[in-house]
2 protein chains.
Amino acid sequence: MTTDFDNGFNDLSLEDIARLSGVSRSTVSRVVNQHPNVSDTTRRKVMEIITRYNFKPHPAARALASQRSKIIGILIPHIVSDLFTDPFFSILLQGITTAANSLNYSPILWLTSANVDESAFYDQVFNDRLADGMIVASATVNATFLERLDQRSKPYIIIGRPFTAHEKTSYVDSENEQGARMLVEHLILSGRRRIGMITGRSGLTSSHDRLQGYISALQHADIPIDMRLITPASDYTDASGYSGMKLLLQHRVDAVFAANDVMAVSAMRAIKEAGLRIPEDIAIGGFDDMGLAHSSEPPLTTIHQPISHLGDSAVRGLIDLLEGKVEPPFQQMLPVKLIVRQST
Amino acid sequence: MTTDFDNGFNDLSLEDIARLSGVSRSTVSRVVNQHPNVSDTTRRKVMEIITRYNFKPHPAARALASQRSKIIGILIPHIVSDLFTDPFFSILLQGITTAANSLNYSPILWLTSANVDESAFYDQVFNDRLADGMIVASATVNATFLERLDQRSKPYIIIGRPFTAHEKTSYVDSENEQGARMLVEHLILSGRRRIGMITGRSGLTSSHDRLQGYISALQHADIPIDMRLITPASDYTDASGYSGMKLLLQHRVDAVFAANDVMAVSAMRAIKEAGLRIPEDIAIGGFDDMGLAHSSEPPLTTIHQPISHLGDSAVRGLIDLLEGKVEPPFQQMLPVKLIVRQST
DNA sequence: TATAAGTTTGGGAGCGCTCCCACAATTTTT
DNA sequence: AAAAATTGTGGGAGCGCTCCCAAACTTATA
């Protein structure tokens, strides 16, 4: 069943492969790195030995000689409780690692945690010499943070455009504004006029952009903005969705746009408790398109956000930056999609 | 505000530090690695320069020379959907990375994902030359997998004892059996006699052990085991908790032990729908002590599982293995705790 | 056919450390 | 006081690659 060679105890070096195939170290290196200037016969001969012995170059030696480790750092400075409840980061991580692995990069992980000294942690992260570049997955990148990031001479990409982004800041983000607008336009088109909004956590660009989309949709339809229909203190949580909806119910809305699915679902609870029907009396839409969106009763109309693609794009962008294929400001906004279900 | 030296553009080498402090490369190396044979004066002098210039040794050079990268691989071979719904892995990951960082190791991540060729993925993982050792967080380590793991000459630790573990297999796990037994004993002590069990996914040691604990508690109390009170096809999911409970209701149980909190909560739904009261008519207990356990109505009595410690222990165990402080079979069972709330 | 230009190959130097051995400085023992 | 043991320090070799330059060989051009 098993061959004599590929037994996992593979500790040959380039030199060994060179000797075995009767060429020089340099030539083997060229074959391994797919350098063009190698004759077909030589390449084939060397490849045969490489496969036979299942040779893989030593990553540390390679990193030392080339000054590039092919390791990317993933920084998720997030409090524990968020990670528990919010599948966002799990999905993102999956997207990131899958992309990294497929491009022959290894992701190393930095997670903050409640019982760790934050400043020491960031010193560790910012002084890291291992990773070639880093991906920062945080909704709350502030000016100071960005400054330290820029001071390092290594490329980075932030997931979620920061407020303090300057023209050289690299980031990937979803089209939050456009998504919100699409959702609200859909509500308008289905005849709703008193459309409320349950906003996201203040201080986040996603909240800001989604609110912006809501406003812009109303304006384009010549519906006046009524500030009483915009909740003042929501924060993406279940509880604030419920209380936000209670507030809106006092103003006889006929539709609601909740800035995420979690709040939309808890708002639905408030609507039902008030004895109103969805969507007959009040239509409701969310944002994110997570699991709970299609398991809710009725299933929720929402905006699908490509979380896993966000991770994928971040990795590809970073690697392009790393390999000099693109120049520093790598900025990408990913399209979102309106998913119409039965709640509108 | 900022000093002249610590500006993040730190690319000095050992040699540079040696020159700056008037000693040799070797001496600086000794200081950095806390080697004992350095005089106090010299050590202080060198340390001063190191701190001033914020010197950190180059990881790749160090890895090449010492043949140890201080990188550990984290393998989570899990399907996407599980990661979404189950906070277990997020918490575990947090525990692992926190422990690794604090011990100056870097965790690199391997996650399987639905749209990736599995065999290629495992080839990549098993042929990895970067990590010194690995932690496998999977409930489904089978014999073949274990064999490949053993064939590699690098240390590993599995989180969750595999069925096929042999005397040399290293793992950390929670005391599932003991926990289940504690929970069921608690039910017995509060006067329950017809105690049903909603089992976990078959094929997992955790399910097996929890069932074992249930059986053993009943036996010790001289309560005969009634097979009709043990659900045949549950699998830790919400749906199977609900349907499992429906089944048990036909046999007039006065208490139920669900193998995890998710099923316990959906079982509660079934109980309420049947018009019965918790805990008056039926007492119910779960396992895991996740968020939903204290937010359920009534709050759920359950067994607290130290997930984050599981990660921590795995990392510490692996590093001890790596540094030769302990010999290969590192096996550790972590204690669990009975948390009594209002459902019993 | 001689010469220029391109292609293929090998060898040296060097990446920044660790680890060993030899030597110097110091302390202990005789 | 000299010899032996101990502690402290420096330098060389080497980890396994990449990258550059030069040499050898091939093909195109005058």
Side-chain angles (χ1 to χ4, degrees), chain A residues 9-47 49-50 53-71 104 106 127-130 132 322-324, chain B residues 9-47 49-50 53-71 104 106 127-130 132 322-324:
Chain A
F9 293 102
N10 143 37
D11 275 347
L12 298 177
S13 70
L14 261 196
E15 202 75 54
D16 297 326
I17 300 298
R19 201 167 345 93
L20 287 165
S21 41
V23 299
S24 77
R25 183 170 32 88
S26 301
T27 300
V28 180
S29 171
R30 288 189 193 96
V31 171
V32 169
N33 295 297
Q34 317 198 50
H35 189 94
N37 285 7
V38 182
S39 74
D40 265 12
T41 20
T42 311
R43 183 183 304 276
R44 228 187 313 276
K45 190 172 58 182
V46 174
M47 274 309 288
I49 303 290
I50 288 181
Y53 290 93
N54 190 24
F55 168 75
K56 295 275 186 306
H58 192 301
R62 187 175 242 189
L64 180 59
S66 68
Q67 299 292 9
R68 304 194 302 109
S69 63
K70 292 206 152 208
I71 289 177
N104 283 308
S106 302
N127 282 316
D128 172 81
R129 297 241 261 154
L130 188 55
D132 290 338
L322 249 24
E323 300 184 345
Chain B
F9 292 101
N10 143 35
D11 274 348
L12 298 178
S13 68
L14 260 195
E15 203 75 55
D16 297 326
I17 299 298
R19 201 166 346 93
L20 287 165
S21 40
V23 298
S24 77
R25 185 169 31 89
S26 301
T27 302
V28 180
S29 172
R30 286 189 194 97
V31 172
V32 169
N33 295 298
Q34 316 198 50
H35 189 94
N37 286 6
V38 182
S39 74
D40 265 12
T41 22
T42 311
R43 183 184 302 277
R44 230 188 313 276
K45 189 172 61 183
V46 174
M47 274 310 288
I49 303 290
I50 289 182
Y53 290 93
N54 192 23
F55 168 75
K56 294 276 186 307
H58 194 300
R62 188 175 241 188
L64 180 59
S66 68
Q67 299 291 8
R68 304 194 302 111
S69 64
K70 290 206 153 209
I71 290 177
N104 283 308
S106 302
N127 283 317
D128 172 81
R129 296 242 261 153
L130 188 54
D132 289 339
L322 248 24
E323 300 184 345

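Hydrogens, waters and symmetry mates play no part in the numbers below; they use all other heavy atoms, side chains included. Convention: sequence-line order gives letters A, B, ...; per-chain numbering from 1.
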inquiry  = What contact category does B/S26 fall into here, base, sugar-phosphate, or nothing, at under 4.0 angstrom with non-hydrogen atoms?
reply    = base
ask   = Hey, are the side chains of A/R30 and A/S26 touching, using non-hydrogen atoms and a 4.5 Å cut-off?
value = yes
query = Going 5' to 3' on DNA chain D, which nucleotide is the first and which the last to come under 4.0 Å of a heavy atom in chain A?
reply = D/dG16 to D/dC20
ask   = Just by modelled atom types, is the A/L130 backbone N or O under 3.5 Å from a matching donor or acceptor in the A/S69 side chain?
value = yes
ask   = Rounded to the nearest 0.5 Å, how far apart are CG of B/L14 and CD1 of B/I50?
value = 8.0 Å
message = Here's a test of your reading of the structure: between B/P36 and A/L14, which maps to the more 5' nucleotide of DNA chain D?
response = B/P36
key: Selection: residues 63-71 of chain B, any non-hydrogen atom under 4.0 Å of DNA chain D   = B/L64, B/A65, B/Q67
request  = Answer yes or no: is there a donor N or O on one side and an acceptor on the other, between the side chain of A/R62 and the main chain of A/P57, under 3.5 Å?
outcome  = no
remark   = Those residues at least two apart in sequence (or on a different chain) that pass side-chain contact (heavy atoms from CB on, under 4.5 Å) with A/A61 are A/H58, B/L64
ask   = Who passes salt bridge (charged side-chain N to carboxylate O under 4.0 Å, His left out) against A/R19, sequence neighbours left out?
value = A/D16
ask   = Does some side-chain heavy atom of A/F55 sit less than 4.5 Å from a side-chain heavy atom of A/I49?
value = no
query = At their closest point, which heavy atom of B/D132 faces which heavy atom of B/K70, and how far apart are they?
reply = OD2-N, 2.7 Å
key: Presence of salt bridge, A/D11 and B/R129, under 4.0 angstrom   = yes
ask   = Taking atom P of C/dT7 as reference, at what distance in whole Å does atom CG of A/D40 sit?
value = 14 Å
query = How far apart are the closest heavy atoms of A/A18 and A/S24, and which atoms are they?
reply = CB-C, 3.6 Å
query = Between the axis at one end of the helix from C/dT1-D/dA30 to C/dT30-D/dA1 and the axis at the other (five pairs apiece), what's the angle to 10 degrees?
reply = 40°
inquiry  = With heavy-atom distances below 4.5 Å as the criterion, would you say the side chains of B/I71 and A/I71 are in contact?
reply    = yes
Nearest heavy atoms of A/Q34 and A/R43, plus distance in Å = CA-NH1, 4.2 Å
Anything under 3.5 Å between a protein N or O and an N or O of nucleotides 22-24 of chain C, put it in a table, one pair a line.
none

ask   = How do A/H58 and B/R25 order along DNA chain D: which one's closest nucleotide is nearer the 5' end?
value = B/R25
remark   = Taking every heavy atom of A/M47 against every heavy atom of A/V31, the minimum-distance pair comes out as SD-CG1, 3.7 Å
